[in-house]
Amino acid sequence: MITQMPDRFVVGTRFKMSKLGVLHFPDLAHKTGTVVEVSIRTSGITVLFDGAARPTVLDQSYIAPLSE
């Protein structure tokens, strides 16, 4: 099973928007989704919001594990 590592997202992690993410993207405040790709070179994380057809790249500071 793929799980969240401390301070690091891995593919398969369920997420919600963090407080900072909600501040920057209020339209996404109640959205959740799944991490689909993690860059080792940048802080960008490719996520797929539930119900979305295409993935989105966000800075990791804009998302938080769904369990939080």
Side-chain angles (χ1 to χ4, degrees):
M1 179 175 177
I2 298 173
T3 59
Q4 160 75 31
M5 294 168 46
D7 298 330
R8 184 177 168 128
F9 289 93
V10 296
V11 172
T13 301
R14 295 284 299 155
F15 75 91
K16 63 181 180 179
M17 296 301 289
S18 68
K19 290 178 184 177
L20 181 62
V22 170
L23 183 65
H24 285 273
F25 303 102
D27 292 346
L28 302 177
H30 300 290
K31 298 257 184 178
T32 58
T34 304
V35 174
V36 295
E37 185 179 345
V38 179
S39 173
I40 58 173
R41 289 181 249 165
T42 69
S43 61
I45 295 189
T46 305
V47 299
L48 184 63
F49 286 102
D50 295 342
R54 295 183 183 181
T56 301
V57 178
L58 295 173
D59 186 89
Q60 65 183 357
S61 65
Y62 294 156
I63 64 173
L66 195 55
S67 60
E68 273 187 14

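Index from 1, following the sequence. Side chains are part of it too, since the values below use all heavy atoms of this structure and drop only hydrogens, waters and symmetry mates.
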- Query: If you measure from OG1 on Thr32 to NZ on Lys16, what distance do you get to the nearest 0.5 Å?
  - Reply: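 If I round to the nearest 0.5 Å, the distance is 10.5 Å.
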- Value for CZ (Phe15) from NZ (Lys31), rounded to nearest 0.5 Å, stands at 10.0 Å
- What about Val36 and Met17, same hydrophobic cluster or not, with Ile/Leu/Val/Met/Phe/Trp/Tyr joined at side-chain heavy-atom distances under 4.5 Å?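 No, Val36 and Met17 fall in different hydrophobic clusters.
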- Message: If hydrophobic clusters are built by linking Ile, Leu, Val, Met, Phe, Trp and Tyr wherever their side-chain heavy atoms come under 4.5 Å apart, do Val47 and Val22 end up in the same one?
- Response: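 The answer is yes; both residues are in one hydrophobic cluster.
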Would you name the heavy atoms of [X] and [Y] that are closest together and state the gap between them?
| X | Y | answer |
| --- | --- | --- |
| Gly33 | Asp50 | CA-OD1, 3.4 Å |
| Phe49 | Leu28 | CZ-CD1, 3.9 Å |
| Asp59 | Ser61 | OD2-OG, 2.6 Å |

- Task: Examine Phe25 together with Tyr62 and report whether their ring centres are nearer than 6.0 Å.
- Result: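 That pair passes the under 6.0 Å test.
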- Candidates Val57, Ile63, Thr56 - the one meeting side chain to side chain contact (heavy atoms under 4.5 Å, CB included) with Ile45: Ile63
- Determine, stepwise, if the pair Gln60 / Val35 fulfils side chain to side chain contact (heavy atoms under 4.5 Å, CB included). CA-CA 10 Å; Gln60 65 183 357; Val35 174; over 6 Å; no
